[in-house]
Amino acid sequence: QSPGGFLEAIRGRQFPESSLWGSVVSQLSDTVGLGDSPIHGHKHAKRVGLFAEMLAHEYGADPLFAVVAAYCHDTGRIDDAKDPEHGKRSWQRCAEVIAHRFPAVPPEVMRVAIEEHPMGKTSGVPLIAALWDADRIDLMRFGPELDSRFFSDPRALTLASILDGANFWGTYSRSEE
C-alpha cells in the first residue's frame, strides 16, 4: 500500500493492516516468538510494523526490512518496565534467523536498529529511523505528549498527529481484541 493510501485510510478511520506483516510473521514466528505481553507483545509489534512500513516508504527505506525490524525489536524483553538491555537480547535472538531468511538485509544497519532502539537516540539512516520513530509513535497508546527531540524525522510527528486525530489507539486497539 502506498504511503498516501495509508494516510487516506487512517484519516477515514479505516485502519489498514501492514501489507507485509503476515509474510514476516510466517518467516520468523517458528523460530522467534513475540510473547503475549500486553505492553510489548504481538499487538505492539504489529502496530510498530504498520507504522514502520509507512515511515519506510516516506524515508526511502525498504519497507520489508522495516517490518522485520519491528517484529524483532522487543523479542528479547524480560520486563515490561525497565529493561535497558532488551535491545541487545532482541538482536541476539533474531540475528541468525534474519541473516538466513532475509539475506539482503544489511546486517549492521539492522543490528543498530534493533539493538539500540531503547537508547533514545535519533538516526539519519532511513531503516533505523523508521523503526525508532515507529516504536516511539506507539507510545501514544499511553497518552503522553511526544517529545520531538526523540524523533529522527518530523514526518513521524505528522503521522502521529494524524493517528491521534483519527482516534487510532481507541479504535484500532479495540478492533484487535
Side-chain angles (χ1 to χ4, degrees), residues 1-7 9-10 15-29 32 34-35 37 39-77 86-87 90-91 93-95 97-98 101-102 104-142 146 148 150-164 166 168-169 172-173 176:
Q1 187 158 358
S2 72
F6 279 125
L7 295 180
I10 291 167
F15 303 113
E17 295 289 319
S18 164
S19 62
L20 301 169
W21 182 255
S23 172
V24 169
V25 169
S26 70
Q27 292 277 343
L28 295 175
S29 63
V32 181
L34 287 172
S37 161
I39 297 174
H40 294 102
H42 183 269
K43 291 178 184 180
H44 167 65
K46 186 177 179 182
R47 287 188 305 268
V48 173
L50 174 63
F51 306 153
E53 182 177 344
M54 287 188 238
L55 293 173
H57 281 288
E58 290 290 318
Y59 297 176
D62 186 307
L64 175 62
F65 300 167
V67 175
V68 169
Y71 181 96
C72 291
H73 83 283
D74 279 340
T75 58
R77 269 196 174 275
H86 79 273
S90 296
W91 174 245
R93 289 189 70 200
C94 294
V97 71
I98 290 171
R101 296 189 182 162
F102 300 95
V105 168
E108 182 60 15
V109 172
M110 186 66 80
R111 181 198 65 76
V112 171
I114 294 170
E115 191 172 286
E116 297 183 18
H117 85 272
M119 297 181 182
K121 299 179 187 179
T122 61
S123 177
V125 177
L127 175 61
I128 296 169
L131 173 65
W132 292 357
D133 288 356
D135 191 36
R136 290 172 187 148
I137 287 172
D138 202 42
L139 289 173
M140 290 184 76
R141 70 194 187 276
F142 300 118
L146 296 177
S148 63
F150 295 104
F151 284 84
S152 300
D153 189 299
R155 290 174 287 186
L157 293 168
T158 301
L159 174 58
S161 177
I162 292 166
L163 290 163
D164 191 42
F168 177 85
W169 285 269
Y172 185 81
S173 294
E176 289 184 309

side-chain contact (heavy atoms from CB on, under 4.5 Å) partner of Val68, the single match among Val97, Ile98, Ile114: Ile98

Closest heavy-atom pair and its distance - Leu146, Ala160: CD1-CB, 3.6 Å

Phe142 vs Ile39 side-chain heavy atoms within contact, under 4.5 Å: yes

Minimum-distance pair of heavy atoms, taken over all atoms of Ala52 and Ala70: CB-CB, 4.4 Å

Heavy-atom pair with the smallest gap, counting every atom of Trp91 and Pro107: CH2-O, 3.8 Å

Ser26 side chain to Ser23 backbone, donor-acceptor under 3.5 Å: yes

For residues 60-67, tabulate all N or O donor-acceptor pairs below 3.5 Å that involve a side-chain atom, not counting sequence neighbours.
from  : atom 1 : to    : atom 2 : distance (Å)
Asp62 : OD1    : Leu64 : N      : 2.8
Asp62 : OD1    : Phe65 : N      : 3.3

Thr75 backbone acceptor or donor facing Ser90 side chain under 3.5 Å: yes

Verdict with supporting geometry, Asp164 and Met140, side-chain contact (heavy atoms from CB on, under 4.5 Å): CA-CA 8 Å; Asp164 191 42; Met140 290 184 76; 3.4 Å; yes

Audit row: Leu163, Phe51, side-chain contact (heavy atoms from CB on, under 4.5 Å) steps and yes/no: CA-CA 10 Å; Leu163 290 163; Phe51 306 153; 3.5 Å; yes

Inter-residue atom distance Asp74.CG - Arg93.CZ, 0.5 Å rounding: 11.0 Å

Set of side-chain hydrogen bond (donor to acceptor under 3.5 Å, both in side chains) partners for Arg101, sequence neighbours left out: Asp30, Thr31

Full working for side-chain contact (heavy atoms from CB on, under 4.5 Å) between Trp132 and Leu127: CA-CA 9 Å; Trp132 292 357; Leu127 175 61; over 6 Å; no

Distance (rounded to the nearest 0.5 Å) between Ile162 CD1 and Leu157 CG: 11.0 Å

From NE2 (His44) to CG (Leu34), nearest 0.5 Å: 10.0 Å

Asp133 side chain vs Asp153 backbone, donor-acceptor pair below 3.5 Å: yes

Lys43 vs Arg47 side-chain heavy atoms within contact, under 4.5 Å: yes

Derivation and outcome, side-chain contact (heavy atoms from CB on, under 4.5 Å), residues Leu131 and Leu55: CA-CA 8 Å; Leu131 173 65; Leu55 293 173; over 6 Å; no

Partners passing side-chain contact (heavy atoms from CB on, under 4.5 Å) against Val25 (at least two apart in sequence or in another chain): Trp21, Ser29, Tyr71

All side-chain hydrogen bond (donor to acceptor under 3.5 Å, both in side chains) counterparts of Arg77, not counting sequence neighbours: His40

Pair His73-His86, ring pair (Phe, Tyr, Trp, His ring centres under 6.0 Å): steps then yes or no: CA-CA 8 Å; His73 83 283; His86 79 273; 7.5 Å; no

All side-chain hydrogen bond (donor to acceptor under 3.5 Å, both in side chains) counterparts of Ser37, not counting sequence neighbours: Asp80

Qualifying residues under side-chain hydrogen bond (donor to acceptor under 3.5 Å, both in side chains), relative to Glu115, sequence neighbours excluded: Arg111

Which atom of Phe150 lies closest to which atom of Thr122, heavy atoms considered: C-CG2, 3.8 Å

Of Ile128, Val112, Val109, the residue whose pairing with Ser123 passes side-chain contact (heavy atoms from CB on, under 4.5 Å): Ile128

